[in-house]
**Q** 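Sharing a structure below in C-alpha cells format, with a few things to ask.
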Amino acid sequence: MKTDRAFHLKLYEQLVLIREFEERVKFLFLEGTMPGTIHQCQGQEATAVGVCAALRPDDFITSTFRGHGHALAKGLSVQEMLDELFGATTGCCKGKGGSMHMGNMDKGMVPGIAIVAGGIPLAAGMALAFKLQRRPQVVACFFGDGAVAEGAFHEGVNMAAIWDLPVILVCENNLYGASTRIDKVMKNPRVSDRAASYGFRGETVDGNDVLAVYAAAQRAAEECRAGKGPVLLELLTYRRTGHSRRDACHYQAKDEREAWFARDPIERFAVQLLDRGDVSQADLDAIKADVDRQITAGVENAKRAPQPTLADLTTDVFA
Amino acid sequence: MKRQGIAEALRDGIAEEMTRDPAVFCIGEDIGVPGGWGGAFTVTLGLAEKFPGRIIDTPIAELGFTGMAVGAAMMGMRPIADMQYGDFLFLASDQLINNAAKMRYMSGGTVKVPMVMRAPIGATGRGSQHAQSMERYFTGVPGLKVVAVSNAYDAKGILKAAVRDDNPVMIFEHKLLYGSKGARAEPGAVDATSEIPDADYTVPLDQAAVRREGQHVTILGWLLMTHYAMAAATILAAEGIEAEVIDVRSLSPIDYATIGASLRKTGRVVIVEEGPKTGGVSAEIAAGIMEHCADSLMAPVVRVASPDVPVPFTPILENAYRPDVSRIVEAARRLAQT
C-alpha cells in the first residue's frame, strides 16, 4: 500500500477539493454574490473521485445537475468552473451552461445533462460510437437513484446491454430523489439487481469508501475495454446538503443523518491514510491549506472575470 | 439521369453518404431486418446487406435510440435516425429538444451534434396517432434545423446536405409522397418522382423553392400541400388567375427573401398547411410576413389548414380534415378578387 502514497494523497486532495469547493460555492450563493441555483454533492465526493481515478484522460463521463464533483474529479479546473458559476466568458461553457451544465469536452466531460436519466441513452450512444470507431475508450455515466424510475434508464441500459457497449453505469444511490426516499419509489431498492435482468453484471459498492469505488470502477473499465460491457455500479452514499438551494433536508431522519455523517468519505479516508504510517496529519493539513488557497484565489479571479456582452446572446446556437 | 421516387432517392442518398463518409450510419426500428421492409416506407431497403454493421436496428425505444444518436454524433459519428412515424417524436422529444438542440449553446459552442432525424408525417388512413403533422412542434426550437421535402430531387439533395451539416437537422417526409412500392405502397399516393442527376449534389437547408411563377397570388405550402397547391394553380390558371406556388421547404429557418420577393409581385398570399390551424407553422409564417414584408401586402394573409381536431380515421372525415385542391382554389380565387 505504501507504494501508492502519491496516488492516495492525490485522491485525498481531490476529495478535499470537492468538499471545499462545494462549501465555498454554498457560501457564495447564500451570500448572494453568485447567481443561479446550486445542487451540491457534499458527502458524495468519493463516488466522483473513485470512478474518475479509474478512467483515462480520453475516456468520457456524462453527469447530472449535481455535477461539480464529477467535473473536478475529471480534471476541470477550479478556475474554469468558478468562472462558469459567475457567468463569465472564461467559464468552461462561456457562462452559457452554469452550475447544471458544467463540462469540457477536451477533458472528457459532456456538459451536465440536467434532465433526470437524460444522460443514459446519450452515454450509450457515445459508447456505440467508440465501438463503431474501434476506439478503446469507455464512458462512465453518472446518475442518481431517482433516474432508475425513468423510461430513459430502461431504454438506454437495454441498448447498452444488447450491444455490449463500453459504458459504466454509475448509480450514485444517495437514498433520495429530491426529497422522496428510495423505499417509496422502488419495491426492490437494490439498484444493482437490475443489471441481471438486462443480462450483465451489477455490483453494489460502499460509495463512501474511495478505494472501494476506485477498485470497482477499475474492474468495470477493464471489462468494458475488453468488450464485456456494460457494468452497473451502484455506489451507496449520502447527500449531506439539501437537494438544491436552501433545502434544509427536514425529510432526512436525524438518526439516518448521524449514521451517514459518521461514515464521511473524507474523514474515513484520512484515518486510512494516517494508519499507513508514512502520511502525517501535517501532510493532510497542508493539502487542505493548499486547496483553500486555490479556491480563494479562484473566487477572486472569477469575481473579476469578463462577463459576456449582449452580442454573445445569439452566438453558439449552431455550429 | 434517372427517374426516382422519394424513397428510392433517399435510399441512394443515404448509400452515397455512407460510402463517402465512414462516420455515417443509420439507426432506428425495423430498418435493416433481413426479410423486412427497410423501414416503414422502404427507404433503407437493402442497405443492411450493403453496409454490414452500419444499419442498426433498435428495440422499440424512440427516446433511447434518439439519445444514442445524439451521443454518437457528439463523439464524431454522423447518425441518420429513422423515426418510423412522426407521431413517435413525442417520445424522443427530450433527447431532441433538451439535448441535441441545446448542447451547442450550453457548452459555449464547443460541442457539435451532427445528426439527422428523418420522420414521415401526414393523414393516411391510420387514425389519430400515426397521422399528425409534427413539424410545428420543432420549428420553434432554437438549435434545430427543420426541413420538409416534397419531391425526390430535393429529398436526396437535402438528405445529403443534412448529413454534411454539423447541426441536428430534422427532415420531414410525407407518407403519400414516398412512392413506396409493393406491400408498402400507400393508397392515395401522389407522384413526387424527379429526374435525379448521376452526379453528387446537395440542396440548401435554408431556401424555399418557387415551383410555379405567377403574378396574381402567392400560394405557400410544403410536403403534400405543395402538390395540391400546384394542382390548384392549374385550375386557377384556366380562370385567368396566375398563382405563384412556393414550396416553403425550409421550415426553420424560413426563407423570407424568397417569400418576400414573391409578395412584392403578387401582394397576396395563401398559406396552406396540413395540420391544425392553431399553433401551426402557417401562423409563424403569417407573423413573419407581417414583420418582413407587410408593405407588399394588398390584402390580409389567408390560411388554409386543418380544423383543430385530431386526425380522424374514416375516409370521408379524413378527406374533410386535410386541406384539398378545391379549398385552396376557393381561397386563392377569393383573395385574388379582393
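Keep in mind that this is a model prediction, so the values were computed, not measured. Computed over heavy atoms, backbone and side chain alike; hydrogens, waters and symmetry mates excluded.
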**Q** Given a strict heavy-atom distance threshold of 4.5 Å, which part of B:Lys102 is in contact with chain A: side chain, backbone, both, or neither?
**A**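 Answer is neither: B:Lys102 stays 4.5 Å or more from chain A.
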
**Q** Do A:Phe60 and B:Met74 come within less than 4.5 Å of each other through their side chains, counting heavy atoms only?
**A**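 With C-beta onward as the side chain, the pair stays apart.
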
**Q** If you count heavy-atom pairs under 4.5 Å with chain B, which of A:Ala160, A:Gly118, A:Gly103 comes out on top?
**A**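 That would be A:Gly118.
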
**Q** Counting only non-hydrogen atoms closer than 4.5 Å, does A:Ile120 touch chain B with its backbone (N, CA, C, O), its side chain (CB onward), both, or neither?
**A**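 For A:Ile120, there is no contact with chain B at all, as no heavy atom is under 4.5 Å.
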
**Q** Could you check whether any side-chain heavy atom of A:Pro121 comes within less than 4.5 Å of a side-chain heavy atom of B:Thr66, counting everything from C-beta outward?
**A**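 The answer is no, as the side chains (C-beta and beyond) never meet within the 4.5 Å cut-off.
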
**Q** Measure distances from A:Thr89 to the heavy atoms of chain B and classify the residue's part below 4.5 Å as side chain, backbone, both or neither.
**A**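 The answer is neither part of A:Thr89.
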
**Q** With the side chain counted from C-beta on, respond yes when A:Val110 and B:Met103 share a heavy-atom pair under 4.5 Å apart, and no when they do not.
**A**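 SC-SC contact between A:Val110 and B:Met103 confirmed.
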
**Q** Look only at the side chain of B:Asn167 and the backbone of A:Ala319, and say whether a donor-acceptor pair between them is shorter than 3.5 Å.
**A**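 Yes, B:Asn167 side chain to A:Ala319 backbone: donor-acceptor pair under 3.5 Å.
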
**Q** With a 4.5 angstrom heavy-atom cut-off, which part of B:Ile27 approaches chain A: side chain, backbone, both or neither?
**A**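 Contact with chain A involves the side chain of B:Ile27 alone.
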
**Q** Do any of residues 193-201 of chain A come closer than 4.5 Å to chain B, heavy atom to heavy atom, and if so which ones, in number order?
**A**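 Contacts with chain B: none.
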
**Q** Applying a heavy-atom distance below 4.5 Å, give me the residues of residues 124-136 of chain A that approach chain B, sorted by number.
**A**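 From residues 124-136 of chain A, the residues near chain B are A:Ala124, A:Gly125, A:Met126, A:Leu128, A:Ala129, A:Phe130, A:Leu132, A:Gln133, A:Arg135.
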
**Q** By number, which residues in residues 164-173 of chain A have some heavy atom less than 4.5 Å away from chain B?
**A**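 The residues closer than 4.5 Å to chain B, in numerical order, are A:Leu165.
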
**Q** Among residues 68-79 of chain A, which ones touch chain B with a heavy-atom distance under 4.5 Å?
**A**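 None at all.
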
**Q** Go through the atoms of B:Phe65 and report whether side chain, backbone, both or neither lie under 4.5 Å from a heavy atom of chain A.
**A**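 Both backbone and side chain.
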
**Q** Taking side chain as everything from C-beta outward and backbone as N, CA, C, O, which of these in A:Asn104 sits under 4.5 Å from a heavy atom of chain B? Side chain, backbone, both or neither.
**A**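 The answer is neither part of A:Asn104.
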
**Q** Keeping the roles fixed (side chain from A:Lys96, backbone from B:Met106), state whether a donor-acceptor pair exists under 3.5 Å.
**A**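 No: the side chain of A:Lys96 does not pair with the backbone of B:Met106.
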
